[in-house]
Amino acid sequence: MKKYIMVQRLLISCLAIFSLFWSCKRDVDSLGSPKLSHDPEVFIDGFSSGLNYAAFSNSVVTAFTVDKTNTYNNSTASMKIDVPDLNDPRGAYAGGTYFTSVGRDLSSYNVLSFWAKASKAAEIDVVGFGNDLGLNKYITILNAVKVNTNWQKYYIPIPDASLLKDERGMFFYSEGPENDRGYTLWFDEVKFENLGTLGHLTSGIMESKDVTVSAEIGEKISLSGFQSIINLPNGLNQVVSTSAGFYKFKSSDENVATVDDNGLITVKNQGAALITAISNGSTSKGSLLVKSISALPQPSAPAPIPDKQSSNVLSLFSNKYTNVPVDTWNTHWQFSTAEESFIKIQNDDVIKYKNLNFVGIELVSQTLNVSTMTHFHIDIWTPDNTDLPKSFKILLVDFGPNNAYGGNDDSSHELSFTKPKLATGQWISFDIPLSNFSGLTRKNNLAQLVLSGDLPNVYIDNVYFYKADTQVPDAPTAAPSAPTYPAADVISIYSDSYTNVANSNLNPNWGQSTRVSELNFNNNRVLKFAGLNYQGIQIGSNQNVSNLGFLHLDFWSSNASNLNVYIISPGPVEKPVSLTVPTTGWSSIDIPLSSFAPVDLSKVMQFKFEGNGDIYIDNIYFRR
C-alpha cells in the first residue's frame, strides 16, 4: 500500500499546530485588483508578504526550516524539510501548509511551479495548494512526486483558475519515511505562473469511471475520485487530485437523489438517478448511477455492553472503551464492493457494511501490539440468510518486525464461522482465543483486520482485543441480556422475559446427582445445575414447535468440559447437540431445530442436559 494514500487522508482534515514566520515584502507589480493582492510568489529567497506556516497534526513540528546554503541557482534561501525516521518520537511524518491571512487573487495564473531536490532518490507523498486550514474548497494535489539529488522543476496545474479569486492556501506538502528511513528535502522558487495556453484539460469524478451503487432511501453518499488531467508545455499529461469545489454537480432526477455543492448525495425516493459533473465549462468523465432501495432491516437494540475491565482491553471500536486510532474502516481495495456507514442504534455507535464481499480495516500508521492479549472480540448482526454453507470470516494480519507490508516477515490467519454460530436477526458475540489464529505467528505490529464471507449486509460493534482475567469467576455476577424477540414468535420454557409454558417441572426425579437451584439477579432468575451429571426438565404439556426454527439457550460455566442438550419427544426419541464449554461469560446460542432430527417436533415433551461441572442456564425458549 502506498503510504501517501494514508497521509493524504490525514492532511485534508487535520488540525494544525501553528508556527508563524514572516519576511519583508517583495516588490511586485500590481495586476489590477483594488482589494486583493495578485502576488504570485510563495517562497523566493524567503517568504512572500503575509505568508504563514502551520505544521500538520502528528507531524514533526520543526521539520521545516529555511536553508541559506543548499539553494536552487545560487538563490539566497530555500525551504528545507527534514523527513523523520520511522517511529521518530517527535512525529510520524513531515507535513504542513503555507497560507496567507488575507486571500490573494490567483485567477490570472494557470500553474503552481516549484523546484525540488532531495538527499536521495525518493517519492514525495503529497504536494499541492488550496489547504487554508479553513474550508479547503479548492485543494489540488500532486501525488507521488519523484525527486532525486538534482534540482528539477515541477508544475501543478490549476483546474479552473477563475475560481481562485480569494485563495489563502498557497502551498502544502506531506511526506513520510522512505523504507523506514528519513531524509532531507528542499523546495525553492515556489510561485504561481501563467504558462500561456495549456494543452487540453479533462476532468473526472469517480476516477473517471462510470460507477453504479445501490443506496437506501435517506442514505447519504459522497462523490469521490476527483481529478484533472492537463497537458503541460513539456508534453507531459499531468494528473492532479482535486476537491469538489472545482465542480458543478447535476442529478438526472432530483426526486430520486439530490447532490449539493460538496458532492454529497442524498437519496430521496425509489428509482434511479445519474449524477454527473461539469468542471471549467466541460463535462467531466465518470458518473455515479444511484439506484435507491428500501431501507435494510437493522438491529432494534444495541449489542450487549462489554463486561471486560478497561485495563485489559485494546479497543478499536466501542462506546464502552477508549479506542485506539484506526486509519480506515474501509480501505476500498480493488475488487472490494463494501460500503460502510456509521449509524446509531439507541444512541450506540455501530458500523454498517452493505454489499460486503470483503473489507479491509487498517491500523498501518500506528500498528497495535496485542502480544499480551488473549482474545479477539466482535459483535455482528445480519438480516441475511445464514443457513449452511453461508459463512462469515475474520482475518488478522501482522506486519512483522519491520512494521511494514511485505519483507517476508508478515503473518496472518483467517477463521471461518457458520451455523450454529451464525444466526439471522440477532446480535452474535465472537470471543475468539488468539491462539486459534495459529498462522498469526507475531502479534506486535497488528496492522489489518479483514472481514469477508457470504453475508452482504453486516452491522458490527465492540471490536476489541482483551486479556482474560487471571482469576476466572466461578459464577456469573449478572443475568444474560434480555431477549428481544416478539412474544408471538416464542414458546418459552424458562425466561423472565416471556410467559412460560405452565406447570413445567424444572427438577424431575430422574435419579440424577445434579443439585438444582435458582439465583436471582435484579428480579431475573437463573437456573444453576451444580455438579451436573444429567438433568431433565419436564415441559408442562407437549409442545408443537414444528413451525418454529430454533431452540435458544443462554449458558455460563467456568469449569465444565462437556455439555450436551437434548430435546425429547414420546418414544422416547432424543438427539444431543454439543455446546462449547467452558465459556468466557454468558454464551448465547440459537440451535436450528433440524439439528435434533429425528425428534418429533410436533410433540416435544422434555429437555435433558448432560455433562459435568457447574452450569448456569437462562432463557430456554423456542423461537420463530
Side-chain angles (χ1 to χ4, degrees), residues 1-8 10-11 41-46 53 55-56 59-60 62-88 91-98 111-129 131 140-157 170-193 195 198-199 227 229-241 402 404-407:
M1 183 194 73
K2 293 297 291 181
K3 62 184 185 310
Y4 69 80
I5 296 176
M6 179 273 295
V7 179
Q8 175 183 333
L10 169 69
L11 65 87
E41 297 181 0
V42 180
F43 188 100
I44 298 178
D45 297 334
Y53 174 71
F56 289 133
S59 72
V60 177
T62 57
F64 163 69
T65 56
V66 174
D67 189 344
K68 297 186 177 182
T69 302
N70 205 327
T71 64
Y72 167 70
N73 199 27
N74 297 316
S75 64
T76 302
S78 68
M79 303 159 64
K80 180 183 177 183
I81 312 297
D82 288 317
V83 180
D85 290 337
L86 184 69
N87 297 324
D88 190 312
Y93 66 103
T97 185
Y98 304 83
V111 298
L112 171 67
S113 67
F114 59 92
W115 289 81
K117 64 173 286 189
S119 59
K120 65 177 183 179
E123 190 174 272
I124 309 172
D125 294 337
V126 170
V127 181
F129 64 86
N131 190 322
T140 303
I141 295 172
L142 194 58
N143 289 314
V145 181
K146 296 183 183 297
V147 291
N148 57 37
T149 56
N150 298 313
W151 286 104
Q152 297 184 63
K153 191 172 186 179
Y154 301 85
Y155 299 95
I156 304 178
M170 298 292 108
F171 182 73
F172 69 90
Y173 72 96
S174 179
E175 169 63 338
E178 298 271 341
N179 298 319
D180 300 344
R181 303 295 297 178
Y183 68 101
T184 303
L185 172 68
W186 290 270
F187 298 108
D188 204 350
E189 302 292 306
V190 184
K191 62 182 179 180
F192 289 89
E193 293 188 70
L195 298 184
L198 293 177
Q227 57 183 208
I229 305 171
I230 302 173
N231 186 260
L232 298 174
N234 59 11
L236 175 69
N237 282 331
Q238 185 69 73
V239 180
V240 292
S241 301
N402 72 352
Y405 178 75

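Below, all heavy atoms of this structure are taken into account, side chains as well, without hydrogens, waters or symmetry copies.
- The residue from Thr184, Thr62, Thr65 that alone fulfils the side-chain hydrogen bond (donor to acceptor under 3.5 Å, both in side chains) condition with Asp82 is Thr184.
- No side-chain donor-acceptor contact under 3.5 Å links Asn148 to the backbone of Ala121.
- Considering all non-hydrogen atoms of both residues, Pro157 and Val111 come closest at CA-CG1, 3.9 Å.
- In this structure, OH in Tyr72 is found 12.5 Å from CG in Asp45, a value given to the nearest 0.5 Å.
- Between the NZ atom in Lys80 and the OG1 atom in Thr71 there is a gap of 13.0 Å [rounded to 0.5 Å].
- Ring geometry for Tyr173 against Phe187 counts as tilted: the plane angle lies between 30° and 60°, on a 0 to 90° scale.
- In this structure, the separation between OG on Ser59 and CG on Asp88 is 11.0 Å, given to the nearest 0.5 Å.
- Tyr155 and Glu193 share no donor-acceptor pair across their side chains, judged by distance under 3.5 Å alone.
- With Ser78 contributing its side chain and Trp186 its backbone, the two residues share no donor-acceptor pair below 3.5 Å.
- Distance CZ/Phe171 to CD1/Ile156: 6.5 Å, rounded to 0.5 Å.
- Between Val126 and Asn143 the shortest side-chain heavy-atom distance falls below 4.5 Å.
- Side chains of Tyr53 and Phe43 form no contact here, defined as non-hydrogen atoms less than 4.5 Å apart.
- Screening Val42, Asp188, Val190 against Phe114 for a side-chain contact (heavy atoms from CB on, under 4.5 Å) leaves a single residue, Val190.
- A distance of 10.5 Å separates CD in Gln238 from CD1 in Ile229, rounded to the nearest 0.5 Å.
- The shortest heavy-atom contact between Gly176 and Tyr93 is CA-CB, 4.0 Å.
- Between Pro177 and Asp85, the shortest heavy-atom distance links the atoms CG-C, 3.7 Å.
- Nearest heavy atom pair, residue Ala118 against residue Val147, reads CB-CG2, 3.7 Å.
- With a 4.5 Å cut-off on side-chain heavy atoms, Ile44 and Ser75 do not count as touching.
- Annotation: side chain of Glu189 is not in contact with side chain of Asn73 (no heavy-atom distance under 4.5 Å).
- Other residues, nucleotides and ligands contribute more than 12 heavy atoms inside 6.0 Å of the NZ atom of Lys120.
- Of all heavy-atom pairs between Tyr154 and Lys146, the closest is OH-O, 2.7 Å.
- Of the possible donor and acceptor atoms, none in the side chain of Glu41 sits under 3.5 Å from a partner among the backbone N and O of Lys191.
- Rounding to the nearest 0.5 angstrom, the gap separating the CG atom in Asn402 from the CG atom in Asn179 is 10.0 Å.
- Counting heavy atoms from C-beta outward, Val127 and Phe129 have side chains that stay 4.5 Å or more apart.
- Residues Pro84 and Gly91 come closest through the heavy atom pair CG-O, 4.0 Å.
- Listed for the Glu178 side chain is a donor-acceptor partner under 3.5 Å among the backbone atoms of Glu123.
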